[in-house]
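Here is the structure we will look at, set down as structure tokens.
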Amino acid sequence: MKARNTRKQTNQKFSLLTFNASFFIPLTSHFLVIFLCLIVNTALFGQKEYWIEEDGRFVQLLQWQEQENVLYYKVEIEKQEGMTWRGALSGETEDAFFEISLAPGIYRYRVQVYDLLGRPGRAADWIQFEIRLAKQPEIVRFSPEVFYLDEDTSWVLNLSGRNLTDGIEIFLQNQGLPGNNIKAKTITGEGREEEARVVFNVDELDAGQYTIHAVNPGGLETSLGTLRISYRKPVDINVSAGYRPLVPLYGLINELFETGIFPLGFYARLSYIPFKRTWGHIGIEIEPFWNYFYVKNSGYGIQAQMTGGTVYGVYQRLLSNRLMAFNFRIGGGINSVLDYHFIYSKGKTEPITILIPVISAGSSFQWFIRNPFFVEAGVDFVHMFTVDDPAPAYLRPFIGAGWRF
């Protein structure tokens, strides 16, 4: 009897696992080859290769590439029993597929083509495949219930349940953004199908509430919620202070000073970090500072103080240990040169005060030695907009300590 070409599809499935194979079948002098492929868990032309009939009978589908000038195909299927193969099913079909209903086990099949005159071609080689029973997975519980992106260093989700089989797929689905799924990086179990250790890539995680989905190789799936991914503290406030000298780079005024460093200087910082993502934290920072200038040349000296403030935009990138970070900042502000005067053997000039707009940028390494206490070291570049040609610029290496609130 030839196989029917109608199929009813539902969500209950068997898993049909095979190896891809091809074989040569002489049809006529014009048709030399047919490719016969069984697809694992992916249906050819968008169709499922297993489903369940209304009477409860599971049906699998063998498919191959349709050929021209074919009267029908003859299909033979045998089941492995110990060291031997025994006939399990045979039939004929005019279509390039064959519906079967087989119990789990190891099988092999071959297809023989009959041309329009009813003449048989050479039978193909036997192709082996396996049918496995699709198990319904179940997640009973999971831990932890929260990933803290600003504190945690392990992104492992431990699942307990039933039928967590080899080859299972696990992903997180954002409850607020249904299309935003996060796939597991690795999945390992202990062979009992009752536990699974699921590792995620922190760079793919984002704050939100997620449902955990598990899909077995047969396509049966389950879900459980809610896993929360968030920040322990939605906003960081950092207060720090430290030592920061000035190193002249270029500028006309620095040619007068004729020195390689102005060693006396300090800074303080207050940063506000309200925007947090896995790819980095963004905020603003306010920085007052003070530096002292004194240079003694032959016949005269120069003395001044410089103070002011800078407002930065800050980008912070935490390292995987969540105890260290790189900070990058760029901004601008106003510097005030105070008490600027020349000193001679017979007296000194009248002090003057100058306001100078500046731009500044820099980077630093931050280490939370004992959270929330941290130390920080880095270097800034500052360029001053003066009437001098060229205008002066400085490097400002610094080291300091602070507290995160």
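These numbers come from a predicted model, not from an experiment.
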Does a donor on one side chain and an acceptor on the other come within less than 3.5 Å for [X] and [Y]?
{"X": "Tyr250", "Y": "His383", "result": "yes"}
{"X": "Ser160", "Y": "Glu194", "result": "no"}
{"X": "Asn238", "Y": "Tyr272", "result": "no"}
{"X": "Tyr292", "Y": "Gln303", "result": "yes"}
{"X": "Tyr312", "Y": "Ser360", "result": "yes"}

Could you measure the distance from the CZ atom of Phe200 to the CZ atom of Phe171? Nearest 0.5 Å is fine.
10.5 Å

Could you pull out the closest heavy-atom pair between [X] and [Y], with the gap in Å?
{"X": "Ile334", "Y": "Pro357", "result": "CD1-CA, 3.8 Å"}
{"X": "Arg277", "Y": "Asp206", "result": "CD-OD1, 3.7 Å"}
{"X": "Ile170", "Y": "Leu159", "result": "CD1-CD1, 3.5 Å"}

Is the distance from the ring center of Trp64 to that of Phe97 below 6.0 Å?
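So the answer is no for these two rings.
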
Aromatic ring proximity, centroids under 6.0 angstrom, Tyr267 and Phe398
yes

The single option from Ile253, Leu395, Asn254 passing side chain to side chain contact (heavy atoms under 4.5 Å, CB included) against Pro248
Asn254

Would you mind telling me which of Thr310, Val311, Leu270 makes a side chain to side chain contact (heavy atoms under 4.5 Å, CB included) with Glu287?
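The single option meeting the side chain to side chain contact (heavy atoms under 4.5 Å, CB included) with Glu287 is Thr310.
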
Does Trp367 have more than 12 heavy atoms from other residues, nucleotides or ligands lying within 6.0 Å of its CH2?
no

Are Asp152 and Arg322 close enough, and set up right, to give a salt bridge (charged side-chain N to carboxylate O under 4.0 Å, His left out), and what steps lead you there?
CA-CA 7 Å; Asp152 291 342; Arg322 275 12 200 187; over 6 Å; no

